[in-house]
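Working notes, beginning with the structure itself.
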Protein chains: 2
Amino acid sequence: MVSRGGINFSAILKIMGVLLIIEGLFMLSSLSFSAWYDPDSLSNLRFFDPMHDFLPLLVSGIGISLLGFLLWVSNKKLDQNSIGKQEGYIIVSMAWVIISLFGAIPFMLSGVTQSYTNAFFETISGFTTTGATIFSDIEALPKGILFWRSMTHWIGGMGIIVLSLAILPVLGIGGMQLFVAEVPGVTPDKLHPRITQTAKRLWFIYVLLTLAETGLLALGGMNLFDALCHAFGTLATGGFSTKNDSIAGFSPYIQYVIVIFMFLAGVSFTLHYFALKRMFKKVTGNEELRHFISIILFSTLLIGLSLFFIQKLPAETAFRDALFQVVSIVTTTGYITSDYLVWPYFIWMLIFLLMFTGGCAGSTGGGIKIVRILLLFKNSFLELKRIIHPQALLPVRLNGRSISQSVILNVLAFFLIYIIIFAFGSLIMTMLGLEFESAVGSVAASLGNIGPGLGIVGPVENYSSIPATGKWILAFFMLLGRLELFTVLILFSPSFWKR
Amino acid sequence: MVSRGGINFSAILKIMGVLLIIEGLFMLSSLSFSAWYDPDSLSNLRFFDPMHDFLPLLVSGIGISLLGFLLWVSNKKLDQNSIGKQEGYIIVSMAWVIISLFGAIPFMLSGVTQSYTNAFFETISGFTTTGATIFSDIEALPKGILFWRSMTHWIGGMGIIVLSLAILPVLGIGGMQLFVAEVPGVTPDKLHPRITQTAKRLWFIYVLLTLAETGLLALGGMNLFDALCHAFGTLATGGFSTKNDSIAGFSPYIQYVIVIFMFLAGVSFTLHYFALKRMFKKVTGNEELRHFISIILFSTLLIGLSLFFIQKLPAETAFRDALFQVVSIVTTTGYITSDYLVWPYFIWMLIFLLMFTGGCAGSTGGGIKIVRILLLFKNSFLELKRIIHPQALLPVRLNGRSISQSVILNVLAFFLIYIIIFAFGSLIMTMLGLEFESAVGSVAASLGNIGPGLGIVGPVENYSSIPATGKWILAFFMLLGRLELFTVLILFSPSFWKR
């Protein structure tokens with residue numbers, strides 16, 4: 001840590017200002033759909049009327065942008081040394097909290113919920129690309145609010161790509177510097193120009209994929225509104241839908257399109273960049289990607305066969321239902337075309353286990369991440385060899401390179417903390433009155449940024465019945481999971497604040 | 001690994017011979033209770049009569065000893081170099097399997113079960129000190145069989161102390177060389193004399209504690225048979241009782257006596273040795289012991305208060321029920337005085353989590369072990385510090401000494417493999433038709449050598465309803481858990497068998 005005069009709170013507030021300006025502008029973009037679907041919107045300018053959301057979105061959007069502008073101008077100019085590692089950690093954790101605290105305002109002003117707890121839960125669930133909802137009747141919500149809800153996903157997904165591929169590696173979090181060492185432009189010196197350059201490339205891919213999916217969904221008969229909202233939910237691996245039955249009511253074509261884009265969103269965006277540059281060797285040689293595909297194929301086969309033989313579904317339906325649910329859970333999206341809790345026990349145990357693997361590092365997916373699981377497995381097998389040959393040096397290898405012990409230690413610590421939070425989180429949820437399955441399901445689904453869990457938070461249920469305290473705790477778990485644990489936990493370490 | 005002429009199978013068979021002779025003799029000792037409780041035993045010499053067990057025990061005991069004798073004489077004399085590390089690993093894993101395969105015979109010959117799967121399950125559950133039973137009506141079993149059943153615990157407990165404190169450290173398994181570095185007499189050279197010396201000291205303590213508990217239980221009104229059986233089950237942290245309702249029907253005095261000895265059995269026997277030698281500083285300064293006690297006190301307080309305030313139990317009953325169940329689960333004994341599944345959800349979630357901590361290393365308890373959990377927590381906290389100060393060397397410290405990275409890696413690999421086996425084991429159990437809670441409960445209870453789990457294998461249930469395949473799988477998990485995972489898994493590693 002560079003020794004300077006203390007933490008630069010002025011710089012932190014200035015950055016928060018920028019984020020709020022951007023958030024406000026995005027919010028204002030929801031006005032178009034509000035006006036389009038509610039032609040009388042301009043004659044129905046009122047708050048707390050769940051049928052009309054124009055005024056709430058307008059006032060929130062302008063207000064938030066203005067507040068951001070005030071923060072920006074009232075804090076002193078940023079220079080080369082304004083933002084060090086310490087400020088970086090604080091900004092990253094604060095960013096998700098602040099935009100969620102303010103992003104919840106339209107839900108309150110429009111009156112679609114009277115509880116700020118619910119509004120905040122829905123918003124942070126959106127920004128963390130979790131997709132857990134507290135609304136029972138989604139189709140009753142006004143379109144502007146629905147669009148803003150889906151947009152929180154898209155913004156969150158955009159943020160997480162830059163975070164995991166451009167910012168965290170520089171901050172040295174979660175072994176990320178390793179996974180993305182080959183990202184064009186990332187080196188731990190000169191922070192700003194590199195981050196900007198990398199971010200631009202990644203966002204280009206993100207926007208490109210979003211447009212492609214929107215187009216393909218529209219070709220399948222979706223209107224622009226639904227197509228955009230679902231493209232947002234897919235590319236961010238979020239899972240908010242505009243329909244009460246998620247993706248179940250859409251055509252097989254639409255379901256396959258969403259499967260493809262969920263898969264693409266679960267792959268490291270670095271690989272998309274390589275693919276665009278026609279560097280296919282780098283893509284096909286990637287161990288994480290190969291294992292990601294293997295996990296999907298194996299699970300789909302196992303579930304598909306059981307749906308075909310035990311549940312007697314037609315072959316194509318069995319395959320599609322299996323594939324969709326597997327890809328949705330493993331990428332941590334959380335869209336649903338069938339209630340997996342009515343399937344045989346082993347399927348939902350398998351789906352429960354898949355909630356922990358998560359997508360690839362550098363994707364918009366949450367969870368532990370395939371590359372970590374892969375390194376952990378490799379290290380465990382090597383540990384057996386190490387016992388047999390105590391003198392031999394046996395480093396873990398990934399993509400042909402050997403991985404240092406400190407990275408392995410970091411990955412192992414990550415896994416351990418993940419499991420500890422899961423265990424204690426489940427205990428806390430049972431203290432709040434949830435039974436076993438709902439407790440473990442809600443924590444796994446929140447920490448992994450998935451959305452649907454087990455029991456009372458199963459795929460055809462929602463989070464409205466969780467007690468308020470539980471909602472705040474789950475919201476915290478979403479944040480922890482989304483920011484790779486350490487980014488948030490480090491703020492609770494006394495030595496972080498010591499000079 | 002010393003390069004010699006290949007694995008010395010002759011030496012392995014010779015050692016198996018010794019074990020079988022010992023097993024046969026122990027089995028014959030059950031005859032005394034068989035004769036005492038069934039005075040007509042000598043006129044009822046028959047097989048497959050669940051009321052009479054004299055002939056089955058006699059024939060099995062003599063047969064097994066004879067077979068062992070044959071193995072002993074037919075294999076060539078052991079010398080200094082007969083048993084290396086490689087043979088050591090094979091002997092340790094094989095020992096538990098072989099004595100279970102043969103120890104199951106009396107159950108078959110007496111006809112108390114017609115299924116060899118059940119007989120084997122019961123026996124390996126005994127030897128691994130798990131205490132999971134397939135019998136619904138234990139009180140209906142003849143006394144000789146019941147005594148043999150409890151004796152499998154005692155033999156298993158005796159074996160595991162020597163294994164964990166004298167043999168595994170020499171074989172370099174599970175970081176054990178670290179936890180027990182201060183054990184009198186253990187050094188990784190000169191194998192045999194040291195092991196014998198250490199074993200004798202530990203067994204002395206083990207026998208002393210067994211006699212002490214038997215005496216105290218008899219003082220509380222138990223007859224000699226029940227007192228011995230329960231002392232065996234307690235000191236081995238096993239859990240087989242001679243009563244259908246486990247310890248629930250006994251007086252508070254008896255319950256407190258058992259609590260005290262379960263606790264003592266869950267403490268490293270090295271510390272008992274130090275205590276006997278009046279080296280109390282070593283005992284009070286032990287970090288693992290301090291955390292073991294803290295976990296027990298904290299959990300007892302939490303559960304006791306909830307039993308008092310929510311379940312409205314009288315204060316003493318609430319305290320005793322909480323204390324008994326906590327100590328029983330955390331030491332992996334599995335005796336029960338109250339059905340924890342009827343308590344509030346958070347209590348059985350807490351009890352479920354305690355199934356993973358286990359006792360102290362070097363005790364007869366199973367599970368992950370407190371010292372590993374402690375090192376894992378310490379390492380995770382340090383990992384946060386390492387991110388803040390990437391250049392600083394921050395080793396994990398235990399009992400004032402710093403622990404090498406390779407030991408931490410080993411402990412982390414142990415934890416990971418434990419969780420992976422738990423996860424995949426649960427998946428397999430759901431494939432066999434168990435629902436979620438029973439699946440996770442049965443695997444956690446088997447792998448942790450506890451006994452009672454959740455759902456259909458809960459504290460007032462038994463394992464008879466598990467399908468046969470499931471029983472063999474759970475038996476394998478008991479073995480894995482008992483032998484610190486690596487000892488068994490290493491045999492599945494191709495490089496173990498390569499020269």
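Reminder, nothing fancy here: chain letters follow the sequence lines and each chain counts from 1. On a predicted model such as this, the values are computed, not experimentally measured, just so you know.
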Of the listed B:F346, B:F415, B:F381, B:F377, the one with the largest count of heavy-atom pairs under 4.5 Å with chain A is B:F346

Against chain A, work out which of B:Q405, B:R386, B:M429, B:K385 has the most heavy-atom pairs shorter than 4.5 Å and name it.
B:Q405

Between atom [atom1] of [X] and atom [atom2] of [Y], what is the distance when rounded to the nearest 0.5 Å?
X: B:S380; Y: A:N410; atom1: OG; atom2: CG; answer: 10.0 Å
X: A:Y418; Y: B:I419; atom1: OH; atom2: CD1; answer: 13.5 Å
X: B:W348; Y: A:L427; atom1: CH2; atom2: CG; answer: 12.5 Å

Should B:Y89 and A:I387 count as side-chain neighbours, where that means a heavy-atom distance under 4.5 Å?
yes

Pick from [options] with the largest number of heavy-atom pairs that fall under 4.5 Å of chain B:
options: A:V440, A:L384, A:L434, A:L485; answer: A:L384
options: A:I420, A:L454, A:I428, A:I347; answer: A:I420
options: A:L376, A:L350, A:L382, A:L432; answer: A:L376

Can you list the residues that meet the side chain to side chain donor-acceptor pair (under 3.5 Å) rule with B:S406, with sequence neighbours excluded?
B:S404

Looking at every heavy atom in both A:M349 and B:S426, which two are closest together, and how far apart are they?
CE-CB, 3.6 Å

Nearest heavy-atom approach of B:N379 to A:A413 is ND2-CB, 4.2 Å

Tell me, for [X] versus chain B, whether the close heavy atoms (under 4.5 Å) come from the side chain, the backbone, both or neither.
X: A:L409; value: both
X: A:E383; value: side chain
X: A:F492; value: neither
X: A:S493; value: side chain

So which part of B:L489 gets closer than 4.5 Å to some heavy atom of chain A, the side chain, the backbone, both or neither?
both

Hey, can you tell me if A:F436 and B:F352 have their rings parallel, tilted or perpendicular (30° and 60° cut-offs)?
perpendicular

Which donor-acceptor pairs under 3.5 Å do the side chains of residues 300-311 of chain A make with protein atoms, sequence neighbours left out?
unit_1, atom_1, unit_2, atom_2, d
A:T300, OG1, A:I296, O, 2.6
A:S306, OG, A:I303, O, 3.4

